[in-house]
Structures are given as C-alpha cells and as structure tokens.
**Q** 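One structure, pasted below without further comment.
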Number of protein chains: 2
Amino acid sequence: MLAEHRGFVPLNRDGLVDRVAKTLVDAILAGGIPPGERLAESTIAKQMDLSRAPVREALRLLESSGLVEYRTNRGFFVKVVSVASMSDLYDLRILLETAAIRRLTEINADVALPALRAQAAELHRLAGEGDDLMAHVSADMLFHRLICEHSGNQRFLQLFDQIANETKLGLLVIGRLYDDPHQMAGTHDPIVEAVALRDANRAAGAIDYHISVAKEMVTQHFHDQQEGKPE
Amino acid sequence: MLAEHRGFVPLNRDGLVDRVAKTLVDAILAGGIPPGERLAESTIAKQMDLSRAPVREALRLLESSGLVEYRTNRGFFVKVVSVASMSDLYDLRILLETAAIRRLTEINADVALPALRAQAAELHRLAGEGDDLMAHVSADMLFHRLICEHSGNQRFLQLFDQIANETKLGLLVIGRLYDDPHQMAGTHDPIVEAVALRDANRAAGAIDYHISVAKEMVTQHFHDQQEGKPE
DNA sequence: GATTTGTCGTTTGTCGACAATCTTCTTGAC
DNA sequence: GTCAAGAAGATTGTCGACAAACGACAAATC
C-alpha cells in the first residue's frame, strides 16, 4: 500500500472553486465587502484572473452557506443581516446545540469530554496570548462544533457547518464586544463541567444560557447599527 | 443508461435551471434513477437538448437538498440512503417540528389553526378519493410545512425546505406501508386538536409521536431492504 | 501469475463568445 | 420640473470547444 510510505497526505487537489469560495468568504467576514453589495461575476473573475464559470460555482456554494443571496437574472449580492435573521439564527443554534449536548452527555460523554476540555483550555490559552480576534472566533467555533460532532447525529454536524459562516459573523461581533477575552473564554467552562457530571439537563441549560447571552449581544449590536445609520 | 429511465421532454426557456432540477428530483423520487447511479452531465444535457452549464447548476442545487452527492473530478451521483441517515434525518425533524409547533401554539395559533384544519381536511379528502400516492405525500408535506411556516422563525421553514426532498423520500416509503390511507390522515388530527386547545406541550408531544411512528416505519423499511438484498 | 506501467476513451474542469435580460441614462412630451 | 419611453451599457444565461483528470484495460516487467 502507498499508505505505508509514511506521511504522504493526499494532495489538496480539489481546487479552484473551493479556493475562490474561501477567498470570498474571508473577504465578506472581514467586512471587506459590505452587505447588499453586488458580486459581479466578471469583476471577480477578472480580479482573480480566471473565467466566470468557477466564480459562479463558488458563489452558488456561498449561497447555500447563507452569506450570499441570488436573484435570477440579477446576480449575487452579499446578504444583508437583519436583527430578525440573527435572532432566528441564534434560536436555531439554541435548539440544535441544546439537543446535541443532551445526546452527547447521555451517550458519548467519555469520548467527548477530553476533546471539550482541551478546546476550553485552548480558549483560555488564546485569551492570555493576545488579541487575534479571528483566532479566538475560530477556537470558539471549534468548541461548538465539537458538541455537534459528538452528538451522534451526523446531520446535526452538517447543519452546524451549514450555518457556520453566519455564526462566525455573530461571533466576530461578540468578540469585539467583550472587553476581557478571559471572560469570554470562561463562559464555556460551566458547559464542560455539566458534561463531566453527566448531567444532561444542566449541560443543556448551560449552553442555552451561553448562546442566549451571545444572542442578546449580537441582536443588540445589529439593532443599534440599524438604528444608527438609516440614511 | 439514463435514456432508459425516463424520456425527458425538451423544456421551455424560462427558469431553465429550476426546471431541470425539478425534472431530476421527480425522476429520483419516482425511483427512476437508482441510488448510487452516476448522473453524467453531458448525458442529461443531451437528453434535455441543452448544454451542460444549466444541468451542472441544477445538480449543484440538488446537492444542497441532499438528493445528490458530488465528488470532485468524478461528478454527481444519486445519494444512497442508509438506515443511519434516515434515522438521523427523522431525529432532526422531531427536533425541528416540536420546537416549531411549540412556538406556533404559543404565539401564532389564531392565524395558523385555520390553515392546519384545512390541510388536515384535505388529507382526509384525499384518503377518500383514491390512492395517488404522490398526492398524499405532497399534502402531508404541506401540513408539516405549515407548522414551520407559522413558527415565527423563518429559518425553521428554510431548514424544512432544505430537507424536504429527503423527507419526501421517507414519506413515499411510509405511504406504501399504510394499508388504510384514512389511518394515515387521522394521525394528524391530535396535533391540530392540541393546537386548538393552545396546549403547546401536548402539541409537541403529538407531533413527536407522529414523526416517531413515521421514523419507525421508515427505518424498519430501509433496514429490511439493506438486509434483504446485500449482494 | 501478480503487480506495475502505459494507453485510451470517457467525463469533468475551465474557458471565451454570444444571446437574453436588466439597469441606467438620455431624450422628449406635457 | 416631472414623468415616460427608449436607447445604450453592463451583467447574467447559455453555449460549444478544448484541456485536465479519471477509470479501465492492455502491455510490460519481475
């Protein structure tokens, strides 16, 4: 077998479309492309020095992850995030993640607990490290993803990944709102503790509270923003 | 190959992609294209008398609705449904629809109730009418969709629509299992009653039971099928 | 005889061009 | 000055062609 020739990781050859998609996602999440802005295929294609076909497919991908909106014969636009859409998103996350951590606690705590502990520790480590917001957000995302991953229901994880980018948008906002990164990191600990106690109800309550607080901050932020600049 | 599955009729020129997608969905749901089968772009394009571009986009759409799987440089394949994936799907549905009907009962019962009543009546009407399986399934789907639609959370509806086609696949199986269509229609009544009483817990319990029964039948069916013909 | 290597046909990946459609700007009437 | 109709420009929709990658089978090697 070729696998015996130690350490040859399959070359990441699945390519262009994914790369284009990633570039666009990064740009949107970084705020480089304002909400509502048109994403003209030919413009992007020209900038990236390729044809419209792969760009178009990348945009279709972004559409299914909710960052971009498509209108027939009119093209793609960066989706405008409203207070309502963020509120709905966080309600869905509460629904999903409380159910996920319930199942995790009941049927998979032994395997999941070390992973959760490690990731919680990583969050604290990052908090002490510095203030690379994107790193914090990615670590937080990974924590929540772990919960869905170990829920025993593949579709929970699939759904989480589907809303991951929009979630990230919320987290970026929250990150900016937290003065103390340690405080943010600390909010995960009660969840881990509840899982350690094999107390599903408590775990569900803890993550419900955790996400609800986040929801409050995010909706508040977008509410102010919408009020602030209605020109 | 595909030509044997179904004679595709040439299409009109408006909303081409959606039309192609719908044609393919119908073919897959009707069982005309077996799971695991390759969906070659050029073959489909030739049969529908158009170029590969719209076919490709249609397939990408189907991918996000879970009926089709894409592998880079290898193309699209009809997804094979396993017992596990169906079980996971129904667990997600239970989670989604119990939450949806809770919200509906609490904040939107007045508006939703007449719609639910009408759709339940329609189910009974169809049961008396004849045995057009597809019509029954569509009507049942619409009932469940109404619940998400009136939940007050747009994302609930969006998620429902996303898993609608796979759900339909399950319902088609169940439809064949129910001897008496009236029995199937009747299982919706307790849900409507609970909403009428404004009893959210009871409504949630009723739909939980309703979907759980369905889950049992579907997983049983796919289980037997997998055992029955393992070549 | 089994494993590797080379070749070929098929299918996907990307491209540039043209047609259909939407948007904007101009023009003209009131 | 306002509004409508239409022309001009820009953008998406679809197409056919070619390049790259894959899978299967034949040929070569040990």
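To find a chain, count down the sequence lines: A is the first, B the second, and so on, and within it residues start at 1.
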**Q** Is the backbone N or O of B:Arg74 less than 3.5 Å from a side-chain atom of B:Arg38, with the two atoms forming a donor-acceptor pair by type?
**A** yes
**Q** Carefully, step by step, assess B:Leu123 and B:Met184 under the rule side-chain contact (heavy atoms from CB on, under 4.5 Å).
**A** CA-CA 9 Å; B:Leu123 278 164; B:Met184 180 177 166; 5.8 Å; no
**Q** Of the options A:Leu29, A:Leu133, A:Val137, which is the one that meets A:Leu171 in a side-chain contact (heavy atoms from CB on, under 4.5 Å)?
**A** A:Val137
**Q** Please give, in whole Å, the distance from C:dT12 P to A:Asp18 CG?
**A** 17 Å
**Q** To the nearest angstrom, how far is A:Leu50 atom CG from D:dA19 atom C1'?
**A** 15 Å
**Q** Heavy atoms from C-beta onward define the side chain here; which of D:dC15, C:dT12, D:dT12 lies closest to that of B:Glu41?
**A** C:dT12
**Q** Does the pair B:Glu106/B:Arg102 count as a salt bridge with the N-to-O cut at 4.0 Å?
**A** no
**Q** Between A:Phe76 (CZ) and C:dC22 (P), how many Å, whole number?
**A** 16 Å
**Q** Specify the separation, in whole Å, of atom CD of B:Glu37 and atom C1' of C:dT11.
**A** 15 Å
**Q** From the options D:dG13, C:dT14, C:dT23, select the nucleotide whose nearest atom is closest to the side chain of A:Arg74.
**A** C:dT23
**Q** In whole Å, I'd like the distance from the CG atom of B:Leu16 to the C1' atom of C:dT21.
**A** 15 Å
**Q** Separation of B:Arg71 atom CZ from C:dG13 atom C1', in whole Å?
**A** 18 Å
**Q** Are A:Lys22 and A:Asp18 within salt-bridge range, i.e. N to O under 4.0 Å?
**A** no
**Q** Send over the distance from B:Lys46 NZ to D:dA17 P, rounded to a whole Å.
**A** 12 Å
**Q** With sugar-phosphate meaning primed atoms plus P, OP1 and OP2, does A:Leu59 contact a base, only sugar-phosphate, or nothing at under 4.0 Å between heavy atoms?
**A** nothing
**Q** Would you please confirm or rule out a distance under 4.0 Å between OP1 or OP2 of C:dG13 and any side-chain N or O of B:Tyr70?
**A** yes
**Q** Are OP1 or OP2 of D:dG13 and a side-chain N or O of A:Arg56 less than 4.0 angstrom apart?
**A** yes
**Q** Compare the minimum distances between each of D:dT11, C:dG16, D:dC15 and the side chain of A:Arg38, then state the nucleotide with the smallest one.
**A** D:dT11
**Q** Between B:Asn73 and D:dC22, is there a contact of a side-chain N or O with OP1 or OP2 at under 4.0 Å?
**A** yes
**Q** Using a cut-off of 4.0 Å on non-hydrogen atoms, how would the nucleic acid contact of A:Arg52 be classed: base, sugar-phosphate, or nothing?
**A** base
**Q** Taking atom P of C:dT11 as reference, at what distance in whole Å does atom CG of B:Leu39 sit?
**A** 13 Å
